[in-house]
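One structure below.
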Amino acid sequence: MPRRRRRPKLAVWKFASCDGCQLTLLDCEDELLLMSELFEIAYFLEASSAVVRGPYDLSLVEGSITTAEEVERIHAIRRQSRILVAMGACATAGGIQALRNFVDVEDMKRVVYASPEYVRTLEHSLPASAYVPVDYELPGCPPNKVQVLEFLTAFLQGRRPSIPTHSVCLDCKRQGIVCVMVAEGIPCLGPVTRTGCGALCPRYRRGCYGCFGPMESPNTESLSAWFLIRSGLAPQQLVPLYRSFNAAAPAFVEASQRYADPKSVQKAAESLGTHAFDQREPANGEA
Amino acid sequence: MARHEHQRTIRISALARVEGEGALFIRVRDGQPMDVRLQIYEPPRFFEALLRGRPHTDAPDITARICGICPVAYQMSACNALENLFGITIPQEIRQLRLLLYYAEWIQSHTLHVVMLHAPDFLGVDNVVQMAQTNRDLVQRALQLKKAGNQLLALIGGREIHPVNIRVGGFYSVPRPAELRKLRDPLQRGLETALALARWVAGFPFPDFEPKYEFVALRHPTEYAILDGHVVSSYGVDLPVSRFEELVVEHQVPHSTALHYEIAGRGSYLTGPLARFNLNFSQLSPLAQEVARETGHVPPLQNPFRSIVVRCLEIIHALEQSLALIERYEPPARPWVDYEVRSGIGFGASEAPRGLLYHRYEVGADGSIRDARIVPPTAQNQKRIEDDLRLLAPSVIQLPKDRATRFCEHVIRNYDPCISCATHFLRLDIVDEHS
């Protein structure tokens, strides 16, 4: 078959993460071989030993930025990528490891390592967008396979991807799922969490734990009041609810701050303020 | 030869087709391996620290995020540990549903490794896409097998990666029998594929290599252990999970890479499919045992390259068991059992696709986690991988650079290392003082 134009070069990069976002690609069992025909898989170490040098048309980035090396690497990748997409909760919001943003990371080192002095890490776990301009974000822990495929299809067709941004709560109403909070008093982040999972947790009779991160303009204050009154939670119990896989997403930081101790609030404020678009050029990045 | 003229260094800066990020450094002088280091530059994420102060009910969901490939293993080991602490007895129906969920993870994880990550080594290609050019039908069928595992996982767990349905005491909700029965056909077809895969990989060329391993795995009185059991080794160890930390020693060496695990007084050990196979062979399903014998794979099986065959046999086992469990599935009366929180320490382990995964939690009277310890299989295997490479180094060094690199990667991939899992690894910068 004569090729009308060059296949776009796809690269998949990993930072601090669990590999789950990359696995989302490998879990596209029906589409995988077709995908490899439509894209030139130029860099995807989890799947292939073959490496093609940049520049790349599309870079998918998994994981959060947690070390000085990773800061350099994300800059180097940005320079080589026409379109850079942050994929998953770590790359878009810092991930579960961003819980360090609320405490002293030196304390964390001491908990895990007998010789913490050998461990080099940054104080904060931050999304790619804290360091480089990001063209698109695919939320979720893990991201939704259908959304990932929609993004890739839209990219190939040169159109904007159609990825909804409404709340999980709305999905429940559409699917006719009985509200776990109203019916059973179970705390549920559905009203403030962005859709993407198809209201998975309420469908399995548990409260949403916010793995797709905050929706646009979430009313967390109202929801928190519900948790306190309707679900009978103590104020300090609200903190871990908002601080999980998208703990460092600004809307959830703000929501958790109302009930958290002042020390963690100040630390979190630093992480939001100081790192936004740190555009310094790295010395000599790899990639 | 007083001067070191026969020194050679091999450095693989980024290992491919493994889960997570790692590198390898080998230095050989006069045919003797001087230094073999499997470096992990996966940045630390401090899971044990960030669990502190969280409600114990968070442990299954948070520890799942250690690894996107085997989240169920983390959820099950976490539940086991906490249920052990609270004295919860899991009813048989719930336990069987957990088994089914865990088999689903074995099916998808093993198929991923066998077909997409490991088989390309034996065929000398870079990836599964290249492999599909010559074996398209089998690759297509294997992808469908992987998909069948994922469908089962998604039905019981809610989704394939980071399932949402597992909780301390059981599940949040349970599937209807009719939903499970719909998966019989894809799983049955998967079983046929798994048989074909096992026979195919059994014919691969295997390097002659049989180190003397100490195998460590769980053992269960009536099952090929996956969900729980006690800790046994091929050197006669037999301990309850609560004493696992007496068996293994953990160290952090200044000029080496990471926390290594060893058996006190004996050295490195191997956990994972090869260990389970050698220790618990008689408990494999009838069909898995039959194919094992037919292809000439019976204990003692010491060649790590043949772990690819064992993974296929475990897929067959998981499929056969799953089909049987689906056949006799009765939904439990309640998805979970209630329990009372008490303070103390709980221990739990299960057999992740890559080997024994141990969790320990200390919980306070308020139900929050005071302390956590997680020992993932890849961290335990790290020293053993280095020992394999050390044994092979003298012959590796004779190969041209490109082939040496590929061969070393192959040796590492025998262990299906999940570097993301290995929460305790550090990065180390190697200075090659001779180059």
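Per chain, numbering begins at 1; letters A, B, ... match sequence-line order. Atoms considered below: every heavy atom in the structure, side chains included; atoms not considered: hydrogens, waters and symmetry mates.
- Across every non-hydrogen atom of Asp58(B) and Pro240(A), the tightest pair is OD2-CB, 4.4 Å.
- Looking at Lys109(A), the atoms closer than 4.5 Å to chain B (heavy atoms on both sides) sit in the backbone and in the side chain alike.
- Only the side chain of Tyr209(A) comes within less than 4.5 Å of a heavy atom of chain B; its backbone N, CA, C and O stay farther away.
- Only the side chain of Arg100(A) comes within less than 4.5 Å of a heavy atom in chain B; its backbone stays farther off.
- Heavy atoms closer than 4.5 Å to chain B are found in both the backbone and the side chain of Leu23(A).
- The shortest heavy-atom contact between Gly158(B) and Leu200(A) is O-CD1, 3.2 Å.
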- [ ] Walk me through it: do Gln140(B) and Leu33(A) pass the test side chain to side chain contact (heavy atoms under 4.5 Å, CB included)?
- [x] CA-CA 9 Å; Gln140(B) 297 269 30; Leu33(A) 293 178; 3.8 Å; yes
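- At a 4.5 Å heavy-atom cutoff, the contact between Arg54(B) and chain A is made by side-chain atoms alone.
- Counting heavy atoms from C-beta on, the side chains of Ser48(A) and Gln130(B) never come closer than 4.5 Å.
- Proximity to chain B (any heavy atom under 4.5 Å) is restricted, for Leu32(A), to the side chain, taken from C-beta onward.
- Of the residues considered (Val51(A), Val239(A), Leu99(A)), Leu99(A) shows the highest number of contacts with chain B, using heavy-atom pairs under 4.5 Å.
- With contacts defined as side-chain heavy-atom distances shorter than 4.5 Å, the pair Thr121(A)/Phe46(B) qualifies.
- Residue contact with chain B, scored on non-hydrogen atoms closer than 4.5 Å, involves the backbone and the side chain of Thr24(A) alike.
- Here the side chains of Ser49(A) and Glu409(B) are in contact, with some heavy-atom distance below 4.5 Å.
- A salt bridge does not link Asp107(A) to Arg52(B): none of the charged side-chain nitrogens sits closer than 4.0 Å to a carboxylate oxygen.
- Asp27(A) places a side-chain heavy atom less than 4.5 Å from the side chain of Lys146(B).
- Residue with the most contacts toward chain A among Leu143(B), Ile161(B), Val129(B), Val125(B): Ile161(B) (heavy-atom pairs, distance under 4.5 Å).
- Contacts of Ala154(B) with chain A are made by backbone atoms alone, with heavy-atom separations under 4.5 Å and no side-chain atom involved.
- By the 4.5 Å heavy-atom criterion applied to side chains, Asp30(A) and Lys147(B) are counted as neighbours.
- Interface remark: Val105(A) contributes side-chain atoms only to the contact with chain B (heavy atom separation under 4.5 Å).
- Taking chain B as the reference chain and counting heavy-atom pairs below 4.5 Å, the highest number among Ser36(A), Cys141(A), Gly20(A) is found for Cys141(A).
- Interface remark: Ser125(A) contributes no atoms to any contact with chain B (heavy atom separation under 4.5 Å).
- Between the CG atom in Leu50(B) and the CZ atom in Phe102(A) there is a gap of 11.5 Å [rounded to 0.5 Å].
- A 4.5 Å side-chain heavy-atom check between Arg206(A) and Asp61(B) finds at least one atom pair inside the cut-off.
- Chain A forms more heavy-atom pairs under 4.5 Å with one residue of Arg406(B), Arg159(B), Arg167(B) than with any other, namely Arg159(B).
- Expressed to the nearest 0.5 Å, how far CZ of Arg65(B) lies from OG of Ser17(A) amounts to 13.0 Å.
- Taking CD1 of Ile69(B) as the start and CD of Gln22(A) as the end, the distance is 8.0 Å to the nearest 0.5 Å.
- For Pro120(B), no part sits under 4.5 Å from any heavy atom of chain A, backbone or side chain.
- Arg334(B) CZ: more than 12 foreign heavy atoms inside a 6.0 Å radius.
- Between Val128(B) and Leu26(A), every side-chain heavy-atom pair lies at or beyond the 4.5 Å cut-off.
- Using a 4.5 Å cut-off between heavy atoms, Leu145(B) makes no contact with chain A at all.
- Taken from CD in Glu46(A) to CG in Leu117(B), the straight-line distance is 7.0 Å, to the nearest 0.5 Å.
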